[in-house]
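Notes to accompany the following structure.
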Protein chains: 2
Amino acid sequence: MATAIIKNRKQQIHHTAKNLFRERGYAATSMRHIAGELGIEAASLYSHIKSKEEILQLICFELAEQFLKSSEELQRKKLPAKELFKQAVTEHIRIITQNMDSSVVFLHEWRHLSEPFLSDFKLMRKRYENFYKNILKAGAEEKKFQIRDEKLTLFVIFSAMNGIYEWFTPNGKLQPEEIAEQMVEVFLNGILKN
Amino acid sequence: MATAIIKNRKQQIHHTAKNLFRERGYAATSMRHIAGELGIEAASLYSHIKSKEEILQLICFELAEQFLKSSEELQRKKLPAKELFKQAVTEHIRIITQNMDSSVVFLHEWRHLSEPFLSDFKLMRKRYENFYKNILKAGAEEKKFQIRDEKLTLFVIFSAMNGIYEWFTPNGKLQPEEIAEQMVEVFLNGILKN
DNA sequence: CATCCTAACTAACGGTCGTTAGGCAAATAT
DNA sequence: ATATTTGCCTAACGACCGTTAGTTAGGATG
């Protein structure tokens, strides 16, 4: 089937783009570069995609939707704060480790989106941040969490989770589940012996 | 004095470049852009600087040296691990918050350095990481820290500290000293009430 | 077999990139 | 007063950018 070939090529292009955008950044990656990796001419890419930015949009919003979807599913479970927190961190880390290239692009290259996509993206990110903020709030209300500054705590957690791409290797000894478990342990109890 | 004017202009260029490199990224910032901010032509920049990359080099290595210098001074103090850890985090956060633009460039744009600068830079970063790794090691040997995976713990801490630029506002209610204090508290004891 | 469609090609577009050369007016030094 | 230096200018270089137009070979479809 013809459409299947197209879809495959389109997927190949997206895959290559994710990789190059991650490695060199969106602005420093040219269409000729992407095409070269696939052994075709830059102009040929336009049989499959609309523009360079369209690729970026797809990467950013695909991941944003994954994060939001997982947060909505977790919210429906009506778990106590501590358990919700554990599962949320685990889910977040699962998504990141399963989409390493996309994640880095998602985290750092979204600023090259043009309007209205840029605003939409920021809004989705804010929604997701609020999901975590509410977990912290709930934990504090349940007298389970002790939080001095909510924003600081929130971003300590996000930064630690989102920084995973800096050191994670898919075939290393630490697998996503264990990373999540250990990270939760650090967030909840710290590194001090008692 | 003529050299004073040059130095000032050079500093202005560096200052503007730091700001634009942070805001738009190195690759997406053009010399014409930097010049435009200063009200001159792009070609005129070359009376003061050698190349675009030279600016990036200066930003990256200036900060790398600050981090290393502060780590060497702390090491000379021969403090117990927990106290050393506190002071190291405080110093790191001080440097970041005092150099917000440079920090973001330092953290994300170094990959656009060409050789041999790229390798030199990575080496300096590794040295600094080892300083922190040794603090964790020392804390574990003193039976003060409980660390499951050293690399994971190390990068949780680094990511949290380096992510400060995502949310810090110089005139907000949280000042660097207090951020450091609260972050140390989270790292050491976590957010769980006991 | 004739027709259509796909995925690639070549050629080229207007534009921007970092950088160099050469000149010129004002400031500084002698 | 003269000579030198400075800080900018204009013009231009070759290279590369994202993208469009038009074409063509070859496979799928009738």
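In what follows, chains carry the letters A, B, and so on, assigned in the order in which the sequence lines appear, proteins first and then strands, with residues in each chain numbered from 1. All heavy atoms count here, side chains included; hydrogens, waters and symmetry mates do not.
Within the structure, every side-chain polar atom (N or O) of His33(A) is placed at least 4.0 Å from both OP1 and OP2 of dC16(D). The shortest distance between the side-chain N/O atoms of Ser44(A) and the OP1/OP2 oxygens of dC9(C) is below 4.0 Å. Dashed line: the shortest gap from a side-chain N or O of Ser30(B) to OP1 or OP2 of dT16(C) is not under 4.0 Å.
Glu91(B) and Gln87(B) form no side-chain donor-acceptor contact under 3.5 Å, judged by distance and modelled atom types alone.
Nearest to the side-chain atoms of Arg32(A) among the listed nucleotides dC17(D), dA7(C), dA21(D) stands dC17(D). If you check dT19(D), dT19(C), dC8(D) against the side chain of Ser51(A), the one that comes closest is dT19(D). Comparing dT20(C), dG18(D), dT19(C) by their closest approach to the side chain of Met31(A) singles out dG18(D). Set against dC9(D), dT19(C), dA7(C), the side chain of Glu41(B) has dC9(D) as its closest nucleotide.
Between Glu72(B) and Lys69(B) no salt bridge is recorded (no basic side-chain N to carboxylate O distance below 4.0 Å). Note on Glu73(A) versus Arg76(A): no salt bridge recorded, every NZ/NE/NH1/NH2 to OD/OE distance being 4.0 Å or above.
The distance between atom CD1 of Ile49(A) and atom C1' of dA7(C), rounded to the nearest whole Å, is 14 Å. Between the CD atom of Glu53(B) and the C1' atom of dT19(C) there is a distance of 14 Å, rounded to whole Å. Lys50(B) places its NZ atom 15 Å from the C1' atom of dT20(C), with the value rounded to the nearest Å. Between Tyr46(A) atom OH and dT10(C) atom P the separation is 17 Å, expressed in whole Å. Here the P atom of nucleotide dC9(C) and the NE2 atom of His48(A) are 9 Å apart, to the nearest Å. Distance Lys52(B) NZ to dC17(C) P: 9 Å, rounded to the nearest Å. What separates OH of Tyr26(B) from P of dC17(C) is a distance of 13 Å, to the nearest Å. Rounded to an integer number of Å, the gap from CG of Leu56(B) to P of dG18(C) is 13 Å.
Phe158(B) and Phe155(B) have tilted rings, their planes meeting at an angle from 30° to 60° on a 0 to 90° scale.
Annotation: cation-pi geometry not satisfied between Lys86(A) and Phe187(A) (NZ/CZ under 6.0 angstrom from ring centroid, within 45° of ring axis).
Donor-acceptor pairing under 3.5 Å, judged by distance alone, is absent between the side chain of Arg9(B) and the base of dG7(D).
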